[in-house]
There are 2 protein chains.
Amino acid sequence: MRPTTKDLAKAAGVSLATVDRVLNGRSGVRKKTIATVNDAIKRIGFERNQIAATLARQRAYRFAFAVPRSGGEFLDEIIERIREFDRVGRAEMIETEVIRIDDRDPHEAARTLGRLSPDKIDGIAIMAPETPQIRDALHRMRERGIETIPFVANQQEDGFVGIDNRAAGATAGRLMGRFLGQRQGTVIALTETTQSRDSLERRLGFDGVVNRDYTNLRVLPTLETHGDPGRTRHVLRNALDAHDDVVGLYIMGAEARTPIEVGGQLNAINRLVVIAHERTLSTEAALRSGEIDAVIHQDPGHLVRSAVRILRAKCENRSTLASQERIRIEILIAENL
Amino acid sequence: MRPTTKDLAKAAGVSLATVDRVLNGRSGVRKKTIATVNDAIKRIGFERNQIAATLARQRAYRFAFAVPRSGGEFLDEIIERIREFDRVGRAEMIETEVIRIDDRDPHEAARTLGRLSPDKIDGIAIMAPETPQIRDALHRMRERGIETIPFVANQQEDGFVGIDNRAAGATAGRLMGRFLGQRQGTVIALTETTQSRDSLERRLGFDGVVNRDYTNLRVLPTLETHGDPGRTRHVLRNALDAHDDVVGLYIMGAEARTPIEVGGQLNAINRLVVIAHERTLSTEAALRSGEIDAVIHQDPGHLVRSAVRILRAKCENRSTLASQERIRIEILIAENL
DNA sequence: GTTGATCTGAGGTGCGTACCTCAATTAAGC
DNA sequence: GCTTAATTGAGGTACGCACCTCAGATCAAC
């Protein structure tokens, strides 16, 4: 039989109350006693029964996902997965909710986060640009006892859930090079805004591979669409007009729908190797139809489940298996959709 | 507050004992009463608290993974993931164990499975060839009340956990075609044994794509290694001698180490596009060194966690979210390892 | 109406932990 | 040694459900 708290109390020569105080980090225990209990934990191999602990808490874990108010298909997909998780999670006493924050107004976003109280929420996964205001708000949340982790954005932070965007860019670069083979020419790189760290990282990774291993290719400075179809058409047409040897298109942003549409209309896409990011209804359809050649993807379901596992582990101050939590950089083509 | 069994009893106008009988499928309840309770469940949106239910069972779930006695690196990897899961699972009252079965002796395998009693085990994931003896043994296990699911092998069975091998082969075929570009020549396909259904499916998928879309390529009949380095060297050398235009090598089996080694020794691999299955220490190293170009993979951690989720859901007669349980066909290259 | 079988209710115990109160003990400062 | 504060123990209740017993109700067949 697995040792219980009762066994632990006996082994440590203390009462259940003290065991409880130590296990849950409550105050009013001498350092020496804490050490005694910890020794006993190791000695008898005690491990808290999380099932019983969760039940005894008398309330569900409540986790929030703070996501931008504006977003494309990929964000919709993530939100759908959060809601899906919520449905099955309730039976395991985990409730999840989506909180929208305004990524264009850092002050308002910080205020929204500031309003969250530990009474209503145990942890939060944040998908937001790293502005000083947000950073401050997060710091204050942690002080109030709310666990936080960066989600999809801000990979350099601790406990990040998401992919290594630099490696993702390198992956795209490798595929671009290999798919183009001996062909010589220009590659267009497109994103919503070059301000975003994700785009920067991806571009760095992409260039790293292409410049080193595919000297037959030349990558143009990144074009910006600002998510605007008109502007997308404009910059794309300009680039195609200016270079008659365009052979590849790398769509770096999460919103590939408009570039694909515009590319198709310009009748350019059929001759190009096109690589985009994130599986959405649009990129999936484009993969099937052959309009694009590969998609670099991170699984939204895994993202959500991993974030919840990590938040929960933090609440129970456990550690997690890093190997289990690394989000894969997936390569999708028509055949493995 | 979520409705509890008590609320359900009140809503259905029956006692807690009857609610328990219905929820857990015990005998001695009239059909009409069962219907009344089920109606009430829907009406008030009752959902069993799995945390409390698990605790009240007074014992952990015990799941087994039946895997072949002989196997290569990929099997080792899977077993390692099972043990890893076991360590974290115990805190959630899920115990897992590995059972070795002799895949060369179906009778002995069936006997091993036959010895398993519902007292000692709640469910089992089986990775074994589909012989009549095994099929019988599984049938009898289910009758005894042990849940079973096919694992990695036998994808056509219900509840299968693993990848669609035909699609995996098609994925390999597409990559082979794209990586070779305009090059013309012969492609070698290699496996341990063509008797295995996995190999057959992969070959079918591979051929489907290559024969249709890459007429510049010709795929030779599948070579068999029987897992023997000597034989591998022999058949590979023969094939390379017989065809001076070999441009690609497709290693279909799970054990790629020997073919990669032999190919390297024959000094052939550097000129070829090589695609293998399953990430292992060998294929990972070969990807990094450039000896192979891509690996088609299924994540062992996901395989194990998914199998456990499905077995547990079956024990609690719940349904699972199919979308969450589909094992991805992953494409690995050096950049997204 | 009786008998026997079938169904249902009432009530209990226990799982392993969280979280609470209050009294008792021990340590620390003077 | 005394006072005060810090530490510890004892005991309780609760979570939502599984699983048990036994008496009482209901039903069907005769």
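Worth saying up front: this structure is predicted, and the values here are computed from it rather than measured. Chain letters run A, B, ... following the sequence lines, proteins first and then strands; every chain starts at 1. Below, each value reflects all heavy atoms present in this structure, side chains not excepted, and no hydrogens, waters or symmetry copies.
- The two atoms that bring A:Arg144 and A:Ala137 nearest to each other are NH2-O, 4.5 Å, heavy atoms only.
- Here the range on DNA chain C touched by chain A, meaning any atom under 4.0 Å from one of its heavy atoms, is C:dG16 to C:dA27.
- Salt-bridge formation is detected for the pair B:Arg312/A:Glu92: a Lys NZ or Arg NE/NH1/NH2 atom is positioned less than 4.0 Å from an Asp or Glu carboxylate oxygen.
- Shown here are the side chain to side chain donor-acceptor pair (under 3.5 Å) partners of A:Ser323, two or more places apart in sequence or in another chain: B:Glu84.
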B/S/- contact track for nucleotides 11-20 of chain D, protein heavy atom under 4.0 Å: ---SBBBSB-

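- Partners of B:Thr54 according to the side chain to side chain donor-acceptor pair (under 3.5 Å) rule, which considers only residues two or more places apart in sequence or in another chain, do not exist here.
- For A:Arg30 and B:Gly13, each mapped to the nucleotide of DNA chain C holding its nearest heavy atom, the one lying further toward the 5' end belongs to B:Gly13.
- The phosphate of D:dT8 (OP1 or OP2) has no side-chain N or O of A:Thr18 nearer than 4.0 angstrom.
- Panel note: side chain A:Thr320, backbone A:Ala322; no donor-acceptor pair is recorded below 3.5 Å.
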Side chain to side chain contact (heavy atoms under 4.5 Å, CB included) evaluation trace for A:Val152 with A:Ile78: CA-CA 10 Å; A:Val152 182; A:Ile78 288 178; 4.2 Å; yes

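- Under 4.0 Å is where a charged nitrogen must lie from a carboxylate oxygen, and between B:Arg59 and B:Asp122 at least one such pair does.
- Side-chain N/O atoms of A:Gln298 and A:Glu278 include a donor and acceptor closer than 3.5 Å.
- Less than 4.0 Å separates DNA chain D from no heavy atom of any residue of residues 84-91 of chain B.
- Residues passing the side chain to side chain donor-acceptor pair (under 3.5 Å) test with B:Thr148, sequence neighbours excluded: B:Arg142.
- For the pair A:Glu316 and A:Arg318, the salt-bridge criterion is met [side-chain N within less than 4.0 Å of a carboxylate O].
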